[in-house]
Amino acid sequence: MSEAESGAAGKAGSELSLLAVVHGYGRAGMWEERDHLQGTADAVSTSAYSSPAKSLGDPGITPLSPSHIVKDSDGDDAVEQLFLVVVAIDFGTTSSGYAYSFTKEPECIHVMRRWEGGDPGVSNQKTPTTILLTPERKFHSFGYAARDFYHDLDPTESKHWLYFEKFKMKLHTTGNLTMETDLTAANGKKVKALEIFAYALQFFKEQALKELSDQGGSDFENTEVRWVITVPAIWKQPAKQFMRQAAYKAGMASPENPEQLIIALEPEAASIYCRKLRLHQMIDLSSRAPVNGYSSSDTIGTGFTQGKEHVRRNRQSRTFMVENVIGEIWSELEEGDRYIVVDSGGGTVDMTVHQIRLPEGHLKELYKATGGPYGSLGVDYEFEKLLCKIFGEDFIEQFKIKRPAAWVDLMIAFESRKRAAAPDRTNPLNITLPFSFIDYYKKFRGHSVEHALRKSNVDFVKWSSQGMLRMSPDAMNALFKPTIDQIVEHLSEVFDKPEVTNVKFLFLVGGFAESPLLQQAVQSAFGSRCRVIIPQDVGLTILKGAVLFGLDPAVIKVRRSPLTYGVGVLNRFVEGKHPAEKLLVKDGTRWCTDVFDKFISADQSVALGETVTRSYTPAKPSQLVIVINIYSSEQDNVSFITEPGVKKCGTLRLDLTGTDASVPNRREIKTLMQFGDTEIKAMAVDVATSKSVKVGIDFLNY
């Protein structure tokens, strides 16, 4: 653009924000003009006019017509057939894995090859989400291999290596996530999160392609694979976008070919798999309870042990047959029935309420995904607090820094004991303390670990002569209590919502769902309201559901929008309705500036692939550059883009220079937003010339 043009554009920008002479929009009152919009004042420039309002620098546009909605959710059918195989990656907080299915045999789901290594008491169908970089910051290894190599390093050497574990939680807990966000290694050094996530995904990509090539006898190309990566439903949009960017960096797909990668929501994937369950593939906690409610907890334990036995016998063949039918339990569900999926993993617990839509059995999300950081990591955190109470916080902090590999060892020992906790357990649980813990404590404090335990007043934990911490079952159960209480409390709140009445089933899935303590708590709290069901290979439910989703992405039909989306516009100023400080006078016309013109509201139902279209016109007929700024907010009650919590997440810049002068003086600019899997695309089209510009909504770079 020439200087003169950019100057003109800048001048137009400083004069006007987008114009919105808002009409009442149709479709069940979704788009009526409401007095609530929000946004952040980015580049605030002072108007050259004597009106009190400051414009946000958007060349002005005003709506022309009521919106209409174009459905084109069948648009990608042609693309579907290009992929020979679907590979799903369940990238978990504590453990990860992949599974795949050939599009020619969708009923066979293959779970990845057995991993080397593994821990006693932990079934290793998945591998720990741990990654090791060399002192030069190059990728070294992932999973058990990373952990074991790091553990075997000499302490003087290990402090130079960069070891990361449980790093996925950072995406959930970082409020202002960007491409520059750092992760901290065990030795305290920082590395860009994007690099670590890309390394991890690249590792899975290479493992999966190698396994596919070995199986097929010839090299498998990445272009033949449709990838599916699972993320928690409660993650905010930036975290979901971050995962996609990391996958692009890992070479799984590209911005030019985004369809090759689907970001699937974990509870949705679980939901898809649960639909296929046959009675022998799950444990119905409710049916085990006697008539008078819950009697003994051993019913849970035994049912689960039998289930595990069944899985263990089948473990050698890593192929699961998914019968192409609706499972028995599903056949009890009728049109409109509701069920809740509780996905309890290592880091987060996600809850989603779905409704069945017959005849195809499509899923409709009824209640926006909720949850929080109540995963099994909470139990590890309680254990750490207990150690601090016994040995002192100062010692534990020092020990983690000075002997990071031994700390990892201690947490591994705790992990296998954690899995042995059960409501009816009577014998104590022994946790081996690494020799370097005992040794370092003596140097640090000048007295023994045994002495610390005697002095600590922690009744439930004793020292055994074999060098172990001996915990009573009550002490172990107490470590679970805060996390389980939060899950039950959150579920109770969800059950009290009007959308969640008459729930028929509660599917408990995810790695933490293996815990008999969590099973018992959920059953005793909600068993009277609905049937509590656990798939047998519960830790793999999400992985297998994600493969099914990749084979048939159209199965999820309706989601709830997590955010309100709109554009910044100008409305005709109405005395008494609009605030005086928003008045902008331009060529004798009085405008209200900074108005948030809503496309879709938070928590509103959106069909996948749905396109929302709006028509605008430039406020000033001679305007040659149209800039449409897109904003989002977690609130649905938004009036102005200057309100707190409104974030800019996209800009459409349509340059109309060089177009025919004979265009009508009320030029129509169509703006479209299409709601995809976790991606949203926006487009502006000049109707007279068909000039168009596209943009993906971007939560990381604004």
Side-chain angles (χ1 to χ4, degrees), residues 17-18 20 22 24-25 27-42 44 53 56 58 63 67 172-178 232-241 265 350-353 365-373 490 493-494 496-500 558-571 577-579 581-582 592-606 610 612 614 628-651 671 673 675 678-680 682 697-700 702:
S17 188
L18 303 178
V22 178
Y25 293 110
R27 193 171 120 131
M30 238 148 56
W31 308 115
E32 306 95 22
E33 180 189 1
R34 295 188 199 147
D35 273 353
H36 46 202
L37 302 150
Q38 52 198 88
T40 44
D42 298 290
V44 175
L56 287 188
D58 307 334
S67 300
H172 180 64
T173 52
T174 304
N176 53 345
L177 183 69
T178 68
I234 52 166
W235 270 14
K236 300 251 188 304
Q237 293 300 104
K240 292 173 184 171
Q241 184 187 336
L265 306 183
D350 261 358
M351 297 159 203
T352 310
V353 185
E365 187 183 25
L366 275 190
Y367 177 66
K368 192 166 65 178
T370 62
H490 192 88
E493 286 169 18
V494 171
D496 291 341
K497 297 274 187 284
E499 304 95 319
V500 188
V558 178
R559 282 213 179 111
R560 297 264 161 179
S561 173
L563 297 169
T564 298
Y565 294 98
V567 296
V569 298
L570 290 170
N571 272 354
K577 177 185 167 189
H578 293 136
E581 68 273 12
K582 295 289 182 192
C592 176
T593 187
D594 299 340
V595 173
F596 185 115
D597 189 28
K598 205 185 294 186
F599 267 61
I600 205 150
S601 296
D603 212 18
Q604 184 181 315
S605 292
V606 195
E610 182 167 312
V612 180
R614 296 301 200 80
I628 300 174
N629 281 331
I630 302 163
Y631 296 90
S632 68
S633 166
E634 288 181 25
Q635 311 299 316
D636 61 355
N637 197 9
V638 192
S639 303
F640 295 101
I641 58 175
T642 46
E643 287 175 25
V646 178
K647 294 190 170 68
K648 186 167 166 185
C649 57
T651 300
T671 305
M673 278 180 89
F675 296 85
T678 45
E679 280 205 304
I680 297 160
I697 300 295
D698 185 346
F699 297 96
L700 294 171
Y702 278 96

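Note: hydrogens, waters and symmetry copies are ignored here, and every other heavy atom, side chains too, is used.
- With sequence neighbours excluded, the residues forming a side-chain contact (heavy atoms from CB on, under 4.5 Å) with Thr178 are Glu180, Thr181, listed by chain and number.
- Side-chain contact between Val612 and Phe675 is present, with at least one heavy-atom pair separated by less than 4.5 Å.
- Considering CD of Glu581 and OG1 of Thr593, their distance stands at 11.0 Å, rounded to 0.5 Å.
- Here Lys240 contributes atom NZ and Leu265 contributes atom CG; the two are 5.0 Å apart, rounded to the nearest 0.5 Å.
- Contact between Ile697 and Ala682 at its shortest, heavy atoms only, is CD1-CB, 4.4 Å.
- Across Lys598 and Asp636, no two heavy atoms sit closer than the pair NZ-O, 2.7 Å.
- Distance CD/Gln237 to NZ/Lys647: 12.0 Å, rounded to 0.5 Å.
- Using modelled atom types, one side-chain atom of Thr564 and one backbone atom of Gln635 make a donor-acceptor pair closer than 3.5 Å.
- Residues Val606 and Ser561 come closest through the heavy atom pair CG2-CB, 3.8 Å.
- Residue Tyr631 holds its OH atom at 9.5 Å from OG1 of Thr642, rounded to the nearest 0.5 Å.
- Checking side-chain atoms of Ser632 against main-chain N and O of Tyr565 turns up no donor-acceptor pair under 3.5 Å.
- Between Leu563 atom CG and Phe699 atom CZ the span is 5.5 Å, to the nearest 0.5 Å.
- With hydrogens and angles ignored, the 3.5 Å screen pairs no side-chain donor or acceptor of Arg614 with any backbone N or O of Met673.
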| Can you list the steps and then say if Lys648 with Ile630 is a side chain to side chain contact (heavy atoms under 4.5 Å, CB included)? | CA-CA 6 Å; Lys648 186 167 166 185; Ile630 302 163; over 6 Å; no
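- Counting only distance, with no hydrogens or angles, the side chain of Lys582 and the backbone of Val595 share no donor-acceptor pair below 3.5 Å.
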